[in-house]
Amino acid sequence: SSTPQAGDWRFIWLAMGPLAAQSKMTWCKLLYAGGVSNEGNLLITGEALPVVQHCEIAYSAAYGIWLDGAVYLDPGTLRAENNIHDNASGDIRVPPPPGK
């Protein structure tokens with residue numbers, strides 16, 4: 001779009017399984033997602049541990065990255081290795097502690 005808006009598309013979803021564990025997202029731009037959901041630009045679930053480096057993740061109608069599962073990527077490392085900014089709900093969502 002010549003005038004992109006937050007929420008223009010839904011999200012990229014990496015879930016558990018051998019392909020998600022081997023996934024790499026490097027030097028990419030994930031912008032203006034988060035539509036029709038509250039997750040955001042990038043949804044990583046089910047103990048998927050992809051490589052996410054040198055990406056710009058921004059302008060989501062929700063979160064920049066939504067982490068879910070018992071095991072997930074370190075938010076501090078994600079922040080240090082990527083440019084995550086201007087996401088409506090926050091840059092990185094982590095799951096609540098078990099039982100909460």
Side-chain angles (χ1 to χ4, degrees):
S1 171
S2 61
T3 57
Q5 301 292 315
D8 274 353
W9 55 285
R10 194 161 179 194
F11 53 71
I12 292 176
W13 184 10
L14 300 174
M16 66 187 296
L19 294 179
Q22 297 172 33
S23 296
K24 291 183 181 183
M25 299 186 76
T26 58
W27 302 104
C28 59
K29 291 187 177 200
L30 301 176
L31 310 174
Y32 301 105
V36 193
S37 68
N38 61 355
E39 286 90 355
N41 290 345
L42 179 59
L43 172 59
I44 303 173
T45 66
E47 290 76 45
L49 298 172
V51 172
V52 181
Q53 294 176 318
H54 313 295
C55 295
E56 181 180 13
I57 302 169
Y59 310 117
S60 171
Y63 289 91
I65 301 174
W66 177 285
L67 299 174
D68 201 15
V71 177
Y72 50 87
L73 296 172
D74 176 55
T77 300
L78 287 168
R79 284 185 185 91
E81 295 181 348
N82 297 281
N83 182 11
I84 308 169
H85 62 90
D86 296 303
N87 297 291
S89 298
D91 291 338
I92 300 174
R93 181 264 184 195
V94 296
K100 300 279 177 174

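Quick caveat: nothing in here was measured; it's all calculated off a predicted structure.
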Restricting to non-hydrogen atoms, name the atom on M25 and the atom on C55 that form the minimum distance, rounded to 0.1 Å.
O-SG, 3.4 Å

Test: side-chain hydrogen bond (donor to acceptor under 3.5 Å, both in side chains). Region: residues 69-79. Which pairs qualify, not counting sequence neighbours?
D74-T77

In chain order, what residues pass the side chain to side chain contact (heavy atoms under 4.5 Å, CB included) check against A6, with sequence neighbours excluded?
A61

In Å and rounded to the nearest 0.5 Å, what is the CD1 to CD1 distance from I65 to I92?
5.0 Å

L78 CG to I84 CD1 distance, which is reported to the nearest 0.5 Å:
5.5 Å

Only pairs at least two apart or in different chains count here, so list each side-chain hydrogen bond (donor to acceptor under 3.5 Å, both in side chains) that has a residue in residues 59-70.
none

With rounding to the nearest 0.5 Å, note down the distance linking CG in N41 to CZ in R10.
13.5 Å

Of all residues at least two apart in sequence or in a different chain, which pass the side chain to side chain donor-acceptor pair (under 3.5 Å) check with N87?
D91

Can you list the residues that meet the side chain to side chain donor-acceptor pair (under 3.5 Å) rule with H85, with sequence neighbours excluded?
E56

Suppose the criterion is ring pair (Phe, Tyr, Trp, His ring centres under 6.0 Å): which pairs have a residue in residues 37-58, not counting sequence neighbours?
W27-H54

Here the salt bridge (charged side-chain N to carboxylate O under 4.0 Å, His left out) pairs for residues 31-40, sequence neighbours left out, are none

Heavy-atom distance under 4.5 Å between the side chains of I44 and P50, does that happen here?
yes

Would a single hydrophobic cluster contain both I12 and L73, if residues Ile, Leu, Val, Met, Phe, Trp and Tyr are joined by side-chain heavy-atom contacts under 4.5 Å?
yes

Rounded to the nearest 0.5 angstrom, the CD-OG1 distance for E81 and T26 is 11.5 Å

Sub-4.5 Å side-chain heavy-atom contact between L67 and P95
yes

Could you see if L14 belongs to whatever hydrophobic cluster contains F11? Use Ile, Leu, Val, Met, Phe, Trp, Tyr and a side-chain cutoff under 4.5 Å.
no

Hey, what do you get for CG (L31) to CD (Q5), rounding to the nearest 0.5 Å?
13.0 Å

Should V52 and I57 count as side-chain neighbours, where that means a heavy-atom distance under 4.5 Å?
yes

If Ile, Leu, Val, Met, Phe, Trp and Tyr residues are connected whenever their side-chain heavy atoms lie under 4.5 Å apart, and connections chain through other members, are L49 and W13 in the same group?
no

Can you name the side chain to side chain donor-acceptor pair (under 3.5 Å) partners of W9, sequence neighbours left out?
none

